[in-house]
Amino acid sequence: MKQPKHIAIFLVLGCMLVFVASCTSDGSSSNNPQTTTSPKVEQPKINYPNFDANNAYNMIQKQVDFGTRVPGTAPHKACAEWLESTLKAQADEVMVQTAEVTAFNGAKLPMYNVIASFNPQSSKRIMLSAHWDTRPFADHDDDEARKDEPIIGANDGGSGTGILLEIAKVLKANPLKNIGVDIFLWDVEDYGKGSGDTYCLGSQYWSKNKHKSGYKAQYGILLDMVGARNAVFQQEGHSKQFAQHILDKVWAAGHKGGYSGFFPFKNVAPITDDHYYINTLAGIPTIDIIQYDQYTGKGFFPQWHTHDDDMSIIDKNTLKAVGQTVVRVLYDEDAGK
Ligand code: AHN
Ligand code: ZN
């Protein structure tokens with residue numbers, strides 16, 4: 001059969017192309033699909049444990065049920081004991097660091113920092129923390145007559161602690177293989193007025209007096225006001241200054257987990273919170289996941305330091321976004337990812 005010459009040339013060139021494409025980089029032919037190897041080593045898929053937002057919510061309710069947790073009061077002491085016994089059921093080691101600290105007004109206050117450790121023998125450690133005490137006054141409340149009454153602090157105090165208690169449960173049920181985690185529940189964070197250093201007395205104390213000599217963590221994540229409806233978490237100035245790489249890691253985990261709406265890549269001003277002292281006094285790079293925006297209203301969530309900071313503003317979707325994101329970070333680290 002007679003073919004035009006140019007068609008024959010195309011056929012020959014086409015066959016050559018197919019042959020070249022079928023050769024692997026080491027020059028061997030790989031027409032058999034079974035011998036085809038992927039150039040990349042496949043990362044084993046991580047099955048992230050579930051963070052149960054219902055349980056986190058219940059852990060906030062339990063704290064609120066003690067009443068206002070103001071340092072030096074009976075509900076404060078009762079809540080400290082409950083936090084200790086609750087964590088003892090989950091963690092490998094629990095200790096309560098106690099001290100007397102002096103507030104801005106000269107009041108001598110009993111401080112209980114509750115510290116729970118998982119895999120205490122591991123040298124690579126991640127520090128998770130939140131404050132658990134509640135503010136002795138409602139200085140931002142509209143009701144002048146109730147400004148000097150303590151707040152119930154479902155979000156400011158309860159939310160970060162509630163999330164960490166659920167993470168403790170997750171860690172107990174799904175033991176980490178390689179890394180260690182320490183959960184710090186800071187006391188006497190919110191007994192401040194005026195200058196920044198009057199806040200965060202528990203974390204300042206710990207940063208100067210570690211519970212274990214030579215304690216080191218690779219990095220820390222602080223949770224503060226992480227439970228309100230419609231919360232978003234922006235990248236806070238001190239977190240950027242001291243731990244940009246941790247912000248990158250946590251925000252990436254938030255986006256991969258499907259919570260991008262909660263973690264916009266937007267910068268906000270620095271604030272004095274527990275992470276400031278962990279960074280500057282303890283030297284552990286630490287970020288703050290906090291609902292804060294200096295451009296809107298009072299900056300924090302609308303009910304901040306008012307009597308409206310109660311269970312009605314807590315949203316399980318927010319708890320889930322934050323808790324599941326932190327869980328993802330921990331199990332990625334454990335897998336060396
Ligand atoms: C100041 O208002 C200086 N820092 C915010 C720390 C804070 C208060 N976190 C919760 N309540
Ligand atoms: Zn506060």
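Quantities reported herein were computed from a predicted structural model and do not represent experimental measurements. Atoms within each ligand, like the ligands themselves, are counted from 1 in listed order.
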Practice item. Could you check N267 against Q234 for side chain to side chain donor-acceptor pair (under 3.5 Å), going step by step and ending with a plain yes or no? Key: CA-CA 6 Å; N267 298 337; Q234 307 187 86; over 6 Å; no
Check your understanding: For ligand 1, which part of H305 has a heavy atom less than 4.0 Å away: the side chain, the backbone, both, or neither?
Key ->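 H305 to ligand 1: side-chain contact only, backbone stays beyond 4.0 Å.
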Any idea which protein heavy atom is nearest [atom], and the distance to it?
| atom | result |
| --- | --- |
| atom 8 (C) of ligand 1 | D190 OD1, 3.2 Å |
| atom 5 (C) of ligand 1 | T272 O, 3.6 Å |
| atom 6 (C) of ligand 1 | E189 OE2, 3.1 Å |
| atom 10 (C) of ligand 1 | D156 OD1, 3.1 Å |

Review point. Between K193 and T198, is any side-chain donor less than 3.5 angstrom from a side-chain acceptor?
Key: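 Side-chain D/A pair, K193 to T198: absent.
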Check your understanding: Looking just at side-chain N and O atoms, do T306 and Q303 make a donor-acceptor pair shorter than 3.5 Å?
Key ->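 Distance-only check fails for T306 and Q303.
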Check your understanding: What orientation do F233 and F262 show, parallel under 30°, tilted 30 to 60°, or perpendicular over 60°?
Key ->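 Answer is parallel, since the angle falls under 30°.
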Check your understanding: Does E189 bring an N, O or S atom to within less than 2.8 Å of the Zn ion (ligand 2)?
Key ->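 No, E189 does not qualify, because none of its backbone or side-chain N, O or S atoms lies under 2.8 Å.
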Exercise for review: Could you check which N/O/S atom of D156 is closest to the Zn ion (ligand 2)?
Suggested key: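 It is OD2 of D156.
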**Study point:** Atom nearest to the Zn ion (ligand 2) - D190, N, O or S atoms considered
**Key:**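 The nearest such atom is OD2.
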Check your understanding: Taking the six-membered ring where the residue is Trp, are the ring centres of H255 and Y259 under 6.0 Å apart?
Key ->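 Ring-ring flag for H255/Y259: false, centres at least 6.0 Å apart.
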Check your understanding: Distance from S117 atom OG to K212 atom NZ, nearest 0.5 Å?
Key ->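 That separation rounds to 5.0 Å.
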Check your understanding: Quick one: does I271 get a heavy atom under 4.0 Å from ligand 1?
Key ->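 I271 does not count as a contact of ligand 1 under the 4.0 Å cut-off.
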